[in-house]
Amino acid sequence: MKKLIFLGFALSFAISNELSFRQIREDIFNIDDKTLITYAKKIRLKAIPSNAYELEELIKNTSPDYEIYPTTTKRIELGKKLYFDPRLSRSGLISCNTCHNLGLGGVDGIAASTGHKWQANPHHLNAPSVYNAVFNPNQFWDGRANHLKEQAKGPIQANVEMAEDSQIVVEKIKSIPEYVNEFKDAFSNDINIDFDLIAATIGIFERTLITPSRYDEFLEGNVNALSFDEKQGLRTFINKGCVLCHYGINVGGAFRGFGFVRYQYVNYGDFNGNENNRVKVPTLRNVARTAPYFHNGSIWSLTEAVESMGRIQLGIELSEQEIKNIISFLKSLSGKLPQIVYPELPPSSDETIRPKLDY
Ligand code: HEC
Ligand code: HEC
């Protein structure tokens, strides 16, 4: 019952002046590709802009600290080093890249993320991808952080992740002369290197982790960017109502509500969502690269994930053909990963605090 009320709410949300969502749903298999693009945009599907200026504007809008810290090449390079530097962790072994492996779609590929002292996430939470995270208005499965700078502070200090004290992180960075120089160079000579700035710099690097795909080209008007099967999949995705929750630039990721943490594996881990028991709708960009699925990583197969979504979120049984179509559409969301040259990290000095493995 609760579910129906929410879907009703979503539905009225999607209604535009001239065209109701109901109408779009009914028409979707009888319209040409150009009209499909128009409809898709009406129901809030959005491309990552190919135009560099538009893209930068979008990133500005989704990065509240952009005004204080605009993106520059030097800041990106420094943020990348910090992202890959395991010395930000207590053990000296775990970096952001350990759990958000940029070669693996920005995830770790295991069900419950595992950090310091081989501890699994206590709520059995699966690591979401860092790719395109800049476009998520809410970060984390319960949406508790609003942007990347706030977000980056969490895992460094969390004792099951990188387990390092914020002050010690700052001391470590300050003990490495090349880092100090790079901070001066990237910001200003009198810059105060504190934990906030370190997190912000990592966030600046994360602004570059975006993955435009053929789907974006399609939404921008190139009707041949997607194959027939992929377009059928997009039509099915719209027709069945997946788009009610998975919309916006990240095909999800944008909304805290509308999700129901109810499926056969719901008790895997003790995560109950936010204060209203809702879980963030994850992005579907690169979903073919980011198994296992759902907040607790309980489902490994994309087919099973799609099938369960139909059942759990929409109360429908999808046919085999529909699932196949949807999956070919979802695969078209695997974007072009940015080319990342693995950085050379500056050496520690005699003053650098040594790793603690806590055996
Ligand atoms: C031990 C594994 C681990 C490490 C190390 C780690 N993360 Fe995460 N990350 C996670 C997990 C698990 C979540 C989801 C946690 C939650 O929702 O409460 C997460 C969430 C995120 C998110 C939110 C994405 C979204 O869509 O909600 C971002 C961004 C992120 N991490 C970036 C980073 C950065 C930057 C670092 C390094 C400073 C880092 N992570 C280190 C496991 C890790
Ligand atoms: C009522 C909102 C809603 C609808 C409708 C919906 N989803 Fe979801 N979707 C979610 C939420 C919430 C999650 C995360 C669930 C969790 O982690 O426990 C999710 C997760 C997923 C995932 C796993 C992503 C990941 O990285 O873990 C896939 C794939 C997916 N949905 C596809 C679909 C498809 C295909 C449809 C249509 C058949 C659909 N969804 C309809 C809300 C919805």
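Scope of the values below: all heavy atoms of this structure, side chains included, with no hydrogens, waters or symmetry mates. The chain is numbered in sequence order, starting from 1. Both ligands and their constituent atoms are indexed starting at 1 by order of listing. Remember, predicted model here, so these are calculated numbers, not experimental data.
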Inset, instruction - Examine ligand 1 and decide if any of its atoms is less than 4.0 Å from a heavy atom belonging to His116. - result: no

Inset, instruction - Report yes or no: does Lys240 have a heavy atom closer than 4.0 Å to ligand 2? - result: no

Legend entry - Arg144 neighbourhood, listing ligand 1 atoms whose heavy-atom distance to it stays under 4.0 Å: 16 (C), 18 (O)

Inset, instruction - Could you name the option among Ser129, Ala145, Pro155 that has the heavy atom nearest to atom 6 (C) of ligand 1? - result: Pro155

Inset, instruction - Nearest heavy atom to atom 8 (Fe) of ligand 1 wins, so pick from His147, Gln151, His100, Lys280. - result: His100

Inset, instruction - Would you mind telling me if ligand 1 is within reach of the side chain of His123, the backbone, both or neither, using heavy atoms under 4.0 Å? - result: neither

Inset, instruction - Could you tell me which atoms of ligand 2, counted from 1 in the order shown, lie closer than 4.0 angstrom to a heavy atom of Cys245? - result: 1 (C), 2 (C), 3 (C), 4 (C), 5 (C), 42 (C), 43 (C)

Legend entry - Phe140-ligand 1 polar pair, N/O distance under 3.5 Å: yes

Inset, instruction - Please confirm whether Val279 comes under 4.0 Å of ligand 2, counting heavy atoms of the residue only. - result: yes

Legend entry - Thr98 touching ligand 1 at heavy-atom level, < 4.0 angstrom: no

Legend entry - Residue portion contacting ligand 1 (non-hydrogen atoms closer than 4.0 Å) for Ser113: side chain

Inset, instruction - Check each of Pro128, Ala163, Ser95 against atom 19 (C) of ligand 1 and report the one with the nearest heavy atom. - result: Pro128

Legend entry - Flag for Thr352-Arg87: side-chain donor and acceptor within less than 3.5 Å: no

Legend entry - Residue part near ligand 2, for Leu284, under 4.0 Å between non-hydrogen atoms: side chain

Inset, instruction - Please work out whether any backbone atom (N, CA, C, O) or any side-chain heavy atom from C-beta onward of Asp142 is under 4.0 Å from ligand 1, and answer side chain, backbone, both or neither. - result: neither

Inset, instruction - Hey, can you tell me if Tyr215 and Phe329 have their rings parallel, tilted or perpendicular (30° and 60° cut-offs)? - result: perpendicular

Inset, instruction - Do me a favour and list the nearest non-hydrogen protein atom to atom 23 (C) of ligand 1 with residue, atom name and distance? - result: Gln139 OE1, 3.5 Å

Legend entry - For Gly241, atoms of ligand 2 separated by under 4.0 Å from a heavy atom: 5 (C)

Inset, instruction - May I ask you to identify, for Leu244, whether its side chain, its backbone, both or neither come under 4.0 Å of ligand 2 on a heavy-atom basis? - result: neither

Inset, instruction - Heavy-atom contacts with Thr114 under 4.0 Å: which atoms of ligand 1 show up? List them by number with element. - result: 1 (C)

Inset, instruction - Tell me yes or no: between the side chains of Asn97 and Ser95, is some donor less than 3.5 Å from an acceptor? - result: no

Inset, instruction - Any atoms of ligand 1 less than 4.0 Å from a non-hydrogen atom of Leu125? List them with their elements. - result: 12 (C), 16 (C), 17 (O), 18 (O)

Legend entry - side chain to side chain contact (heavy atoms under 4.5 Å, CB included), paired with Val223, selected from Leu36, Asp32, Ile37: Ile37

